[in-house]
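Counting from 1, the numbers follow the sequence of the chain as shown. All values derive from a computational prediction rather than experimental measurement.
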Amino acid sequence: MMTKAFVTGWPVSHSKSPLLHGYWIKEHEIDGSYEPVAVEPESFKTFINELQNSKFVGGNVTMPHKEAAFEYTEKTGSAANKLGAVNTLWFENGKLNGDNTDAYGFSANLDDYHSEWRDMKQALVLGAGGASRAVIYSLIEAGFDQVHIVNRTVERAQSLVERFGDKTSAHSFNDAKFLMTQTNLLVNTTSIGMDGSQSSALPNLEGLPDHALVTDIVYTPLQTPLLEAAAHRGLRTIDGLGMLLHQAVPGFEKWFGVRPKVTGALRNYILEQS
Ligand code: ATR
């Protein structure tokens with residue numbers, strides 16, 4: 001029987017996940033499908049309740065349903081518990097299980113290019129929205145002992161400090177200039193620079209040490225204004241596409257029974273189709 005998985009969001013049409021999973025389904029000659037299912041927020045609970053008797057073995061959850069999915073999942077993994085959000089669902093012994101693979105995706109992407117990031121210890125994270133949580137969680141899991149969170153709205157950064165504890169600290173953009181001098185890894189999790197927007201809001205990178213590594217979780221455009229500014233300064237950079245590709249690996253393995261690989265060919269395929 002054909003194995004079916006889904007991605008649900010509202011809207012969901014922009015999701016690159018069907019392309020990505022479709023590539024692996026074909027590569028591994030699996031009798032399966034991965035379909036986008038648009039579900040309005042009001043209908044999400046019903047969607048989850050009906051999953052048990054549906055054609056699906058599991059799927060991905062994207063904006064704006066990740067927090068609701070966490071609430072409705074019967075058994076959640078430790079990353080999901082820390083982040084309060086679920087992006088991957090599957091059934092195990094008849095129970096709906098969920099976890100969050102975004103933090104895994106973030107770390108695996110950095111591991112691919114500069115695995116020494118794990119020894120960098122001091123990071124600056126720009127942004128305190130939903131997307132920043134997975135990044136902060138990854139950094140703490142990797143043993144970072146100082147994670148400075150800089151956000152336009154400092155209160156949001158402060159609430160992350162309450163969630164993640166004393167290795168994190170909250171700051172406004174006014175502190176960015178000084179904090180850059182203490183930063184080995186700089187991560188942008190804000191929407192600044194996405195599709196060419198607002199790049200004037202980016203902090204100046206002058207103070208970063210020459211050995212610093214700079215990464216952005218935004219991948220549209222692939223070379224964000226932050227990565228361009230970092231490259232211009234001669235710093236090493238990693239773009240955000242790999243995080244998207246890697247976060248998909250654990251789900252695919254759960255549903256289809258094969259652990260797929262993130263390769264240059266997959267990356268080129270996704271870039272060509274976008
Ligand atoms: P997500 O859940 O995808 O992270 P979000 O919750 O809307 O999305 O968060 C977007 C992030 O980008 C926030 O950190 C936001 O800062 P505020 O918390 O102050 O809103 C940040 N952001 C967006 N546009 C910005 C801008 N022009 N200047 C500075 N920060 C910006």
Side-chain angles (χ1 to χ4, degrees), residues 9 11 14-16 62-64 66 83 85 87 102-103 105-107 109-110 113-114 117 120 122-139 144 146-161 163-164 168-209 212-245 247 270-271 274:
H14 64 281
S15 171
K16 291 195 188 339
T62 184
M63 305 297 282
K66 291 183 183 188
L83 303 178
N87 75 340
D102 288 333
F106 175 78
S107 328
N109 183 36
L110 299 196
Y113 295 96
H114 294 290
W117 75 275
M120 288 186 163
Q122 292 178 311
L124 194 165
V125 175
L126 295 174
S132 70
R133 292 185 186 184
V135 169
I136 296 164
Y137 178 73
S138 293
L139 295 172
F144 274 68
Q146 272 192 319
V147 179
H148 300 297
I149 307 165
V150 169
N151 200 45
R152 180 176 58 183
T153 315
V154 187
E155 293 75 21
R156 289 186 91 189
Q158 270 154 356
S159 74
L160 290 176
V161 171
R163 177 179 287 264
F164 290 104
T168 58
S169 57
H171 306 270
S172 72
F173 272 83
N174 293 335
D175 294 345
K177 191 174 177 191
F178 168 70
L179 292 173
M180 289 287 171
T181 64
Q182 317 209 329
T183 297
N184 300 322
L185 175 64
L186 172 65
V187 188
N188 178 45
T189 74
T190 71
S191 48
I192 304 173
M194 193 186 263
D195 298 318
S197 74
Q198 297 277 355
S199 52
S200 59
L202 283 172
N204 192 313
L205 303 187
E206 238 165 68
L208 280 177
L213 177 60
V214 179
T215 185
D216 202 320
I217 69 167
V218 168
Y219 54 85
T220 52
L222 200 55
Q223 288 309 315
T224 61
L226 177 80
L227 296 183
E228 267 173 10
H232 189 72
R233 253 223 50 196
L235 302 172
R236 296 171 298 165
T237 64
I238 300 179
D239 68 59
L241 183 58
M243 177 176 173
L244 171 78
L245 306 181
Q247 64 74 34
I270 299 297
L271 288 173
S274 303

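Shown here are the side-chain contact (heavy atoms from CB on, under 4.5 Å) partners of S138, two or more places apart in sequence or in another chain: A103, F106, S107. Residues meeting the side-chain contact (heavy atoms from CB on, under 4.5 Å) test with P225, sequence neighbours left out: S199, L202. Taking T189 as the reference, V125, S132, V135, V187, I217 meet the side-chain contact (heavy atoms from CB on, under 4.5 Å) condition, with sequence neighbours excluded. A search for side-chain hydrogen bond (donor to acceptor under 3.5 Å, both in side chains) contacts involving Q122 returns Q146, not counting sequence neighbours. Remark: S169 engages H148, H171 in a side-chain hydrogen bond (donor to acceptor under 3.5 Å, both in side chains) (not counting sequence neighbours). Applying the side-chain hydrogen bond (donor to acceptor under 3.5 Å, both in side chains) criterion to N109, with sequence neighbours excluded, gives no partner residue. Not counting sequence neighbours, K16 has no partner by the salt bridge (Lys or Arg N to Asp or Glu O under 4.0 Å) test. In terms of the side-chain hydrogen bond (donor to acceptor under 3.5 Å, both in side chains) criterion, T215 has no residue partners (sequence neighbours excluded). By the salt bridge (Lys or Arg N to Asp or Glu O under 4.0 Å) test, D102 is found to be paired with K66, residues two or more places apart in sequence or in another chain being considered. For P221, there are no side-chain contact (heavy atoms from CB on, under 4.5 Å) partners, not counting sequence neighbours.
Between the side chain of N151 and the main chain of A128, a donor-acceptor pair closer than 3.5 Å is present.
Considering all non-hydrogen atoms of both residues, M180 and P203 come closest at CE-CG, 3.8 Å. The two residues L83 and R133 make their nearest non-hydrogen contact at O-NH1, 3.0 Å. The heavy-atom pair separating V161 from T168 by the smallest distance is CA-OG1, 3.3 Å. Between I149 and G127 the shortest heavy-atom distance is CG2-O, 3.6 Å.
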(request) Decide side-chain contact (heavy atoms from CB on, under 4.5 Å) for L226 and V218; before the verdict, give the C-alpha distance in whole Å, the side-chain angles of both, and the deciding distance to 0.1 Å. (result) CA-CA 10 Å; L226 177 80; V218 168; over 6 Å; no

(request) Test V214 against D216 for side-chain contact (heavy atoms from CB on, under 4.5 Å), laying out the working first. (result) CA-CA 7 Å; V214 179; D216 202 320; over 6 Å; no

(request) Determine, step by step, whether L126 and I192 satisfy the side-chain contact (heavy atoms from CB on, under 4.5 Å) criterion, reporting the C-alpha distance in whole Å, the side-chain angles of both residues, the deciding distance to 0.1 Å, and the verdict. (result) CA-CA 10 Å; L126 295 174; I192 304 173; over 6 Å; no

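Atom CG of L213 and atom OG1 of T183 lie 12.0 Å apart (nearest 0.5 Å). Atom CG in L160 sits 15.0 Å away from atom OH in Y137 (nearest 0.5 Å).
In this structure the side chain of W117 reaches within 4.5 angstrom of the side chain of L139, judged on heavy atoms.
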Identify each donor-acceptor pair in which a side-chain atom of residues 231-245 lies under 3.5 Å from a protein atom, sequence neighbours left out, and give them as a table.
unit_1, atom_1, unit_2, atom_2, d
R233, NH1, L205, O, 3.2
R233, NH1, E206, O, 3.1
R233, NH1, L208, O, 2.6
R233, NH2, L208, O, 3.3
R233, NH2, D210, OD1, 2.6
R236, NH1, E116, OE2, 2.6
R236, NH2, H211, O, 2.8
D239, OD1, L241, N, 3.0
D239, OD1, R267, NH1, 3.2
D239, OD2, R267, NH2, 2.7

